[in-house]
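What follows is a set of notes on a single structure, which appears directly below.
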Amino acid sequence: MKTCLIVDDSRLIRKFSRQSMEALGFMVSEACDGQQAIQSCEAAMPDVILLDWNMPVMSGIEFLRVLRQTGHANQPKVVFCTTESDAAHIQAAIEAGADEYVMKPFDHDTLHMKLQLVGVA
Amino acid sequence: MQVSLASERLLAELLRARTGQELPDNRRWRIGTALSGLCREYGIDSIDQLVAMFSPTRQSVLARQMVEALLNNETYFFRDRALFDHLVGHVLPTLAETRAESRTLTIWSVGCSTGQEALTLAMLFASQEARWAGWTISILGTDVSGSVIEIARKGCYTPFQIQRGLAMGEMMRWFEETPQGWRVRERLRRMIRFEEHNLLDPLPALPGGQMPTFDIVLCRNVLLYFDAATRERAFARVASALAPDGWLMLGAGETTLGLTDRLSPERGAPGFFRHAKPAKPRRAAVAPAAIA
Ligand SMILES: C[S@@+](CC[C@H](N)C(=O)[O-])C[C@H]1O[C@@H](n2cnc3c(N)ncnc32)[C@H](O)[C@@H]1O
């Protein structure tokens with residue numbers, strides 16, 4: 001079974017994303033910020049990470065830079081899921097090593113399509 | 001919003017007369033939602049009042065607005081991606097050979113809505129820049145609704161419209177952020193012309209007087225609400241606009257079967273149709289020898 005880590009400080013978003021990902025057959029775990037996400041990845045690297053941008057303690061982009069610098073062989077696919085919708089943010093995400101980018105609010109079909117594009121669904 | 005039976009009938013009749021689209025009883029619940037915005041615009045609180053303002057004898061702005069509001073304009077980039085993969089993998093390479101002399105390709109997106117389908121095609125060509133260098137690629141997008149054509153011509157989309165179908169890299173590659181929204185880049189726009197047109201009417205003739213023909217015609221998710229007779233008329237129009245060796249591309253799950261014998265499915269390529277080969281003449285029955 002493929003695994004997914006949802007990183008978002010909103011409980012509501014985590015719940016929505018969890019339902020979506022479970023419907024697609026993923027085993028889901030959650031983190032509320034970048035730091036928790038690092039701990040989670042150290043314990044077990046997921047196949048895909050849904051990543052919010054603005055979070056307390058450690059933002060999504062900071063987490064992504066750390067993750068990509070670890071040189072871990074099994075790098076997960078990372079899909080940003082954020083309200084930021086301007087070119088500068090998308091460009092920064094690409095440069096930090098994001099695989100896809102979803103703007104909130106999104107629906108199940110959009111998320112599914114993005115996961116297909118990165119090759120995990 | 002409550003709608004009287006008389007208003008429902010009038011609206012369904014208006015929609016059929018102007019577009020060929022049916023509004024069967026089981027889809028009439030849509031009327032309330034579809035026209036609520038228009039009621040607000042006119043400062044009116046019931047659809048019956050809105051319908052009462054309309055006079056069937058005039059080509060009124062209101063009639064047009066009501067029809068356009070009732071049309072389903074749902075579309076997105078790379079809808080049914082597998083069909084576009086087939087286009088790139090099989091159809092375009094064939095056309096690259098058969099049209100090598102004229103170096104011209106003409107494509108018609110029928111019922112193009114806000115333009116995403118025509119733009120998807122333009123993206124395919126622009127991403128194979130080297131192969132199509134020196135070619136003239138003309139994509140015509142038409143729709144019966146003037147308001148969607150206006151949007152298509154502007155070429156500005158919200159991030160949400162773009163992310164329905166496009167990858168992050170494609171978004172950055174084909175759009176630029178402007179104060180009006182994300183705008184399609186010029187290199188795609190210059191391949192496409194958008195025109196208001198009812199597919200049940202003939203296309204305007206070319207300046208030389210001859211009728212336009214197309215190497216590829218896309219008519220996807222448009223015929224769903226036509227009745228069988230109207231669908232047949234639509235297919236006849238499409239067939240006469242399709243080059244003898246051209247391709248028709250329908251939506252996933254749509255077919256010509258049982259509706260026209262001029263077009264037949266391409267084997268092994270769901271969604272693609274070609275001119276039917278003329279049936280082989282049956283061998284003449286041998287006349288019984290006359291008995292002397
Ligand atoms: C559901 S959209 C499909 C858009 C696009 N082809 C796609 O598949 O994504 C159908 C479009 O067909 C248009 N349409 C309906 N009747 C038409 C007619 N008689 N002639 C031309 N366009 C028509 C509608 O206005 C609408 O924009």
Side-chain angles (χ1 to χ4, degrees), chain A residues 7-8 13 16-17 20-21 24 48-54 59-61 63-65 67-68 75-121, chain B residues 33 72-89 113-114 116-117 119-120 123-124 127 155-189 220-221 251-253 270-271:
Chain A
V7 191
D8 203 306
I13 301 275
F16 168 82
S17 301
S20 246
M21 295 305 286
L24 295 172
V48 60
I49 300 180
L50 303 187
L51 185 60
D52 185 18
W53 195 293
N54 293 307
S59 73
I61 193 95
F63 159 75
L64 179 57
R65 290 191 187 116
L67 176 76
R68 292 308 192 212
Q75 282 286 331
K77 299 289 183 190
V78 173
V79 178
F80 258 109
C81 295
T82 167
T83 45
E84 310 294 343
S85 61
D86 55 288
H89 274 90
I90 301 177
Q91 193 54 42
I94 292 176
E95 280 162 19
D99 296 285
E100 259 308 329
Y101 199 98
V102 186
M103 286 158 271
K104 290 175 185 165
F106 56 87
D107 55 15
H108 176 79
D109 290 347
T110 301
L111 183 61
H112 187 189
M113 187 273 297
K114 293 284 185 180
L115 293 169
Q116 282 173 328
L117 286 177
V118 302
V120 292
Chain B
T33 340
N72 169 359
N73 302 128
E74 158 99 350
T75 187
Y76 46 93
F77 294 101
F78 283 95
R79 187 173 195 168
D80 311 321
R81 222 174 232 267
L83 296 193
F84 288 101
D85 290 345
H86 182 81
L87 203 63
V88 172
S113 187
T114 39
Q116 282 87 330
E117 185 174 275
L119 283 162
T120 300
M123 287 172 198
L124 299 181
S127 30
C156 286
Y157 299 88
T158 66
F160 306 101
Q161 291 173 307
I162 298 173
Q163 77 174 357
R164 274 195 78 187
L166 288 186
M168 154 185 85
E170 293 169 324
M171 175 167 182
M172 297 297 279
R173 184 171 181 195
W174 305 124
F175 293 82
E176 56 195 339
E177 208 180 4
T178 73
Q180 290 76 44
W182 287 75
R183 187 155 199 262
V184 179
R185 290 187 196 275
E186 176 56 29
R187 50 194 286 235
L188 299 186
R189 295 154 61 87
R220 311 191 319 137
N221 308 295

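Protein chains get the first letters and strands the later ones, always in sequence-line order, with residue 1 at the start of each.
- The CD atom of B:Glu170 sits 5.0 Å away from atom CZ of B:Phe78, with the distance rounded to the nearest 0.5 Å.
- Proximity to chain B involves both the backbone and the side chain of A:Asp86, based on heavy atoms less than 4.5 angstrom apart.
- For A:Thr110, the part sitting under 4.5 Å from any heavy atom of chain B is the side chain, from C-beta outward, and nothing else.
- Looking at A:Met103, the atoms closer than 4.5 Å to chain B (heavy atoms on both sides) sit in the backbone and in the side chain alike.
- Contacts of B:Ile162 with chain A are absent, with no heavy-atom separation under 4.5 Å from either backbone or side chain.
- Contacts of A:Gln116 with chain B are absent, with no heavy-atom separation under 4.5 Å from either backbone or side chain.
- Contact record, A:Asp99 with A:Pro76: OD2-O, 3.9 Å, taken as the closest heavy-atom pair.
- For A:Val118, no part lies under 4.5 angstrom from a heavy atom of chain B.
- For B:Glu177, the part lying under 4.5 angstrom from a heavy atom of chain A is the side chain only.
- Ring to ring, A:Phe16 and A:Phe106 are close: their centroids are under 6.0 angstrom apart.
- Note: A:Tyr101 and A:Phe80 have tilted aromatic rings, judged against thresholds of 30 and 60 degrees for the angle between ring planes.
- Atom CD1 of residue A:Ile49 and atom SG of residue A:Cys81 lie 11.5 Å apart, to the nearest 0.5 angstrom.
- Rounded to the nearest 0.5 angstrom, A:Ile94 CD1 and B:Met171 CE are separated by 10.0 Å.
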